[in-house]
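The block underneath contains the structure these notes are about, expressed in structure tokens.
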2 protein chains.
Amino acid sequence: MATIHDVATKAGVSVTTVSRVLNNRGYISEKTRKKVFDIMAELNYQPNEIARSLLRKQSNVIGLIIPMVSHPFFSELANYVEYYAYQAGFKVMLCNSQLDPAKERDYIEMLKRNRVDGIIMGSHTLDVEEYRHLHSPIVTIDRQIDDEIPSISSDNYRGGEIATELLVRKGCRKIAHICGNQELHMLSNLRTNAFHETARKQGVQHITIQTDMNVFDQKQYERIIDTLLEEHPDTDGIFATSDIIAAFAVKGCIRVGKRVPQDVRIIGYDDVNAASWLNPEITSIRQPIGEMGRMAVELIRKQLEGKPFKVENVLPVQLVERSTT
Amino acid sequence: MATIHDVATKAGVSVTTVSRVLNNRGYISEKTRKKVFDIMAELNYQPNEIARSLLRKQSNVIGLIIPMVSHPFFSELANYVEYYAYQAGFKVMLCNSQLDPAKERDYIEMLKRNRVDGIIMGSHTLDVEEYRHLHSPIVTIDRQIDDEIPSISSDNYRGGEIATELLVRKGCRKIAHICGNQELHMLSNLRTNAFHETARKQGVQHITIQTDMNVFDQKQYERIIDTLLEEHPDTDGIFATSDIIAAFAVKGCIRVGKRVPQDVRIIGYDDVNAASWLNPEITSIRQPIGEMGRMAVELIRKQLEGKPFKVENVLPVQLVERSTT
DNA sequence: CAGTATATGTCAATCGTTTGACACATGTCA
DNA sequence: TGACATGTGTCAAACGATTGACATATACTG
């Protein structure tokens, strides 16, 4: 790879001059500028960003830690993060924690060693303390660490409320809620709180089933649904905490001969693209994933630039009614 | 951030000693080693990988360029690439081209400026020439550049053959094939060749519909299916080049009152996870995505280490029969 | 006691780029 | 003529780590 030195020699100028051309500073004649650019093209010169980063103490890299990209919610989030990061001149480093604390910790250290400009945390398997000592700007998705670290989430409580209310309004008398593992202290636990309170207030029977801590395990979903329908055959409403789980609920119902939505009404969560590929299309609570991604990048930038930012960012959710309710 | 210098000073030793501890070379007493590690922990020291990369001329970063992560095939591929890269000590930089040549080119240059150790190309919107001049090790997914650059693909021709044969065997007499844009010169075009040849050989009516160059556009899929069913109402078999398109085909059929698989048999491609969330579950041609990801990382490594490697890597596909055929 | 293994230090170069200080032209304008 | 703008050069330090050469000191072994 050619260096700035090679370019300077070949162009018959000094490295300072080349650097000046490259960074547009100081006086440069049109003739020299052209000459330098020509040589750069000829040598296929690409300035070494590693050397620049070292000097500038800025890598322009954002680390994105999520449980796994192949989960639709996170793959869509990653897609938007990449989109807005690119627009802002950042590169994104993809880190799947697989919800393994050791891997998550390892990735955090790796990102620090690589002096990333910021970390977007979509996985949270460690203790609050461990996140607090991070020096780089971070932003968390769906979890609050403390009142210094900005977090982004959608209005989980409201989402749980809307979902439960819809099922009640549609006439469900016994509603099951399948939620994620509550031990992770995610803000999504609020959906479950909302479910309990709303169901109680409305006076309908309700049960809650927690999934294991695995990111996503189809077999587990199938088992949970089967058990649910067997132990509570009179269930007439299911509020699943993701569209994928809702999809398995639909399949489970059909397997045992129940019609959706006539016998069982089902609502998912997230409103990922896949929710509308399914048949029947799944009613869902839409999280503004694009906006969450945009805001995550923006919050990193604001921290880097020392600008003020809001610590708690709760975005509105929206009911998207389709065919399963 | 603490530097190796701070650690040395605080530990009362020289930077050389700290470096020796860090890199496990030369003689170090247990006492000093412990002392240094203690201070490193105390100062929360993380060696600056940027400085190391500069010196070693090795960044341990792999660039992954794909059309978009939110497409299930690529999100699963990205997931595996991350998995194997992590195991091998690499970080992965996520680049979505959106099938925009300008963005793809820009990303390639960015990756070169950042001196990545290798590039996995899953997006191919540029001319062969542009890829050929890349200096870093690259590996392509689903496209052949020349006989120097290793490529990975699954057996697209065989996949197309199996899919078509299955539909014929099931009794289809008029089969439609929905394929991706053929201008991209991807190896997946072989599926279409296989479709034509097999259908002709078997003597069944067949039509082919090409999608636009967009990565994925639900509206477009819906339109294509609607038009197909309207213009060719006697279609009784559909071979879609992705499971997502197949999902839309299923929905389209049901919309116009056709039963799947009784009236129309549908087969998808890739066998992404989503294929089994759907209802009915989609019959598909399975690409070994995990193996492709593993091999991509391995081929980068082999090039880096100067080991011999195979240029053309075609992996077997497999029929996964479910409910839509 | 000589020789060697162990333990640590100093010093300087290197990776590729940026940047500030300073020097020295040439040209232009008032 | 002097002041200033323009254009380019040299030099050196800095970013943070690694590494080889070499020096020195202690401890042990045969």
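Worth knowing before you read on, the calculation uses all heavy atoms, side chains too, and leaves out hydrogens, waters and symmetry mates. Quick note on labels: first sequence line is chain A, next is B, and so on, each numbered from 1.
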Q: Can you label the angle between the Tyr80(B) ring and the Tyr84(B) ring as parallel, tilted or perpendicular, going by 30° and 60°?
A: parallel
Q: Write down the distance between CG (Asn48(A)) and C1' (dT14(C)), rounded to a whole number of angstrom.
A: 13 Å
Q | Distance test, side-chain N/O of Arg52(B) to OP1/OP2 of dT18(D), below 4.0 Å | A | yes
Q) Any side-chain N or O of Arg25(B) less than 4.0 Å from the OP1 or OP2 oxygen of dT19(D)? A) yes
**Q.** Any donor-acceptor N/O pair, Arg132(B) side chain to Glu148(B) backbone, under 3.5 Å
**A.** no
Q) With respect to the phosphate group of dT6(D), does any side-chain polar atom (N or O) of Tyr27(A) fall under 4.0 Å of OP1 or OP2? A) yes
Q: Take Arg33(B) and Gln46(A), find for each the nucleotide of DNA chain C with the closest heavy atom, and name the residue whose nucleotide sits nearer the 5' end.
A: Arg33(B)
Q.
What is the separation between atom CG on Leu54(B) and atom C1' on dC15(D), rounded to the nearest whole Å?
A. 9 Å
Q: Compare side-chain N and O positions of Lys57(A) against OP1 and OP2 of dA14(D) and report whether any pair is under 4.0 Å apart.
A: no
Q. Taking atom C1' of dT10(D) as reference, at what distance in whole Å does atom CD1 of Ile4(A) sit?
A. 15 Å
Q.
If the cut-off is 4.0 Å, is Asn23(A) near the phosphate of dT18(C), judged by side-chain N/O to OP1 or OP2?
A. yes
(Q) Does any part of the side chain of Ile66(B), heavy atoms only, come nearer than 4.5 Å to the side chain of Asn96(B), both counted from C-beta? (A) yes
Q) What distance separates Ile145(B) CD1 from His185(B) NE2, expressed to the nearest 0.5 Å? A) 11.0 Å
Q) How is Ile50(A) classified with respect to the nucleic acid when contacts are heavy atoms under 4.0 Å: base, sugar-phosphate, or nothing? A) nothing
Q: Fit a plane to each ring of Tyr86(B) and Tyr107(A), take the angle between them on a 0 to 90° scale, and name the class: parallel (under 30°), tilted (30 to 60°) or perpendicular (over 60°).
A: tilted
**Q.** Contact residues, residues 6-21 of chain B to DNA chain C [heavy atom, < 4.0 Å]
**A.** Gly12(B), Val13(B), Ser14(B), Thr16(B), Thr17(B), Arg20(B)
Q.
Strictly below 4.0 Å: does Ser29(B) bring a side-chain N or O up to OP1 or OP2 of dT8(C)?
A. yes
**Q.** Residue whose nearest DNA chain C nucleotide is more 5′ - Thr32(B) or Tyr45(A)
**A.** Thr32(B)
